[in-house]
There are 2 protein chains.
Amino acid sequence: MIPDSTAPVGLTVDVVLLTIRSERLSVLMVERGIEPFAGSWALPGGFVLPDEDLDDAARRELEEETSIADALTHLEQLATYATPDRDPRMRVVSVAHLAFVPDLPSPVAGSDAAGARWWAADELLYGSEGVRLAFDHRRILLDGVERARSKIEYTTLAAEFVTEPFTLADLRQVYESVWGVDLDPANFRRKVLSTPGFVTDTGESQSVGRGRPAVLYRRGPATDLHPAMLRPDS
Amino acid sequence: MIPDSTAPVGLTVDVVLLTIRSERLSVLMVERGIEPFAGSWALPGGFVLPDEDLDDAARRELEEETSIADALTHLEQLATYATPDRDPRMRVVSVAHLAFVPDLPSPVAGSDAAGARWWAADELLYGSEGVRLAFDHRRILLDGVERARSKIEYTTLAAEFVTEPFTLADLRQVYESVWGVDLDPANFRRKVLSTPGFVTDTGESQSVGRGRPAVLYRRGPATDLHPAMLRPDS
DNA sequence: CCTTATACTGGTCACCATGACCACAAAGGA
DNA sequence: TCCTTTGTGGTCATGGTGACCAGTATAAGG
């Protein structure tokens, strides 16, 4: 019971910060300037301070490295990664977190790290280019994307990806980008409006160029979807 | 980036091991013999060895403390708890795991710890008796039970709670115990049998006293339920 | 100015899963 | 031999969904 046979371990947090950019699910990454994995892209994160809670550390690191000062309305724990050799320097246990923000909450400027930018998730995960991810961050990113895909099925968290006010097409675009499918506009509308508290009508409408103007909505008080939004096969 | 400002942290695993005993959802607990929290009940667990993976540590601790040698067919990570003052001795980060076993896989004998026994989950969580739980293990247990409740909705993991061969009544009892509801036998049967690969028919049947004998089944190859098993309101 | 393309809105219809039942079968116990 | 109990098989109404169609409201183009 006494930790005499335990090696020193480092405790870190990493954040999978997702958004929708140009109709694509995107993730914030930081280019590493030092070894190991210098030049590779890593999830924003870092060591947890003494007496600091995990979610506090996640928010602080996001602020320091990427100046995303936006109060993250949703930050949840994703999973913990502790494979002994995942960091060549020492044993490091990383508690990964998952967060959603609307498109372009801030232009990722004034960053502490060498460089921070948004990457399209599938480009980073399945792109043929020689993009290199640090540590086991590819696995973490895979788990984060999968968690996001299932979370928007049975919660209203998809609305965290859009700025208020938004149209039902905006919200539908979130589902289509995260799931990688096309949804029928009419059926999607019926589903969202039949869920009490998912969105609230503002009465106003907006035209974005071609097509009939769409009614504008805001996020409603509901947090769960019963029954869930069904994800099409492919 | 360099961990110079980090305090030493201890890394532990804790396991929420659930089963069904006497038609009640039950959890394996260990009585602590030493301070802190001597005399309180704790989840089985302990420190992770150097170069040891988290799930290996969880299996080893379960073996050491409770002699549950059964190869756990399902052991999943639950969540990580790292509140700075959760252990009065030092900062300890605990990665909680969740596992399901059939009723009475072994009588919890030859235990390393002072005492290990099964507790009915609701008795431990909401009982009026003066049962004391160590550390933040009440919160971990709450999260584990909630995870189990939702997991059996959309996976076939409920079958991990029964010994083969089993009747549909046995499987239904799992859902009723975990969810705390009553299910219609006929509708439950239709749902299970209409899900390909949930269970496989053995052709044999068994009589357990009163009532018509029930057909015996084994676990099928399916792992997911589409659509999910619906949990009644209350 | 009129036509066309585009996209949001509103509706119908068939299908499927489900909940609430009902009836029968097959065992044990009084 | 009832009678109770429990598993099995079925019907029926309801609600959510996918597929589809029609109408409306805007911008772009001739």
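Proteins get letters first, then strands, A, B, ... in listed order; numbering begins at 1 in each. Values below: all heavy atoms of this structure, side chains included; hydrogens, waters and symmetry mates excluded.
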Residue [X], side-chain heavy atoms: nucleotide from [options] that is nearest:
X	options	value
A:R212	C:dC21, D:dT8, D:dA25	D:dA25
A:P185	C:dT9, D:dC20, D:dG7	C:dT9
B:L230	C:dG19, D:dT26, D:dT8	C:dG19
A:R190	C:dT12, D:dA25, C:dA26	C:dT12
A:P227	D:dT8, D:dG16, C:dA7	D:dG16

- At under 4.0 Å, does any side-chain N or O of A:K191 touch on OP1 or OP2 of D:dG16?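 So the side-chain polar atoms of A:K191 never come under 4.0 Å of the phosphate oxygens OP1 or OP2 of D:dG16.
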
- Item | Phosphate OP1/OP2 of C:dA5: any A:R210 side-chain N/O under 4.0 Å |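 So the side chain of A:R210 is outside the cut-off, no N or O lying under 4.0 Å from OP1 or OP2 of C:dA5.
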
What is the distance from [atom1] of [X] to [atom2] of [N], rounded to the nearest Å?
X	N	atom1	atom2	answer
B:F188	D:dT8	CZ	C1'	14 Å
B:D233	C:dT18	CG	P	15 Å
B:L183	D:dG7	CG	P	13 Å
A:N187	D:dC21	CG	C1'	12 Å
A:H226	D:dT17	NE2	P	13 Å
B:L216	D:dG7	CG	C1'	12 Å
B:D170	D:dT8	CG	P	11 Å
B:L193	D:dG7	CG	P	13 Å

- Query: So how far is it from A:D136 CG to A:L141 CG, rounded to the nearest 0.5 Å?
  - Reply: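 It is 11.5 Å, given to the nearest 0.5 Å.
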
- Nearest-0.5 Å distance that lies between atom CZ in A:R147 and atom CG in A:L78: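 The distance works out to 5.0 Å.
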
- Nearest nucleotide by nearest heavy atom, which residue falls closer to the 5' end of DNA chain C, A:R172 or B:S194?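 Looking at DNA chain C, the more 5' nearest nucleotide goes with A:R172.
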
- Inspect the contact between B:R60 and B:E63 and indicate whether a charged nitrogen and a carboxylate oxygen are less than 4.0 angstrom apart.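 Answer for the salt bridge query: no.
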
- Query: Is B:D143 salt-bridged to B:R139, going by a charged N under 4.0 Å from an acidic O?
  - Reply: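 A salt bridge links B:D143 with B:R139.
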
- Query: Ignoring hydrogens and geometry, is there a side-chain-to-backbone donor-acceptor pair from A:T19 to A:V101 under 3.5 Å?
  - Reply: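 Between the backbone of A:V101 and the side chain of A:T19 there is a qualifying donor-acceptor contact (under 3.5 Å).
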
- Message: I want to confirm an ordering. Mapping A:A228 and B:A186 to their closest nucleotides on DNA chain D, which one lands closer to the 5' end?
- Response: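 Comparing both residues, the 5'-ward one is B:A186.
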
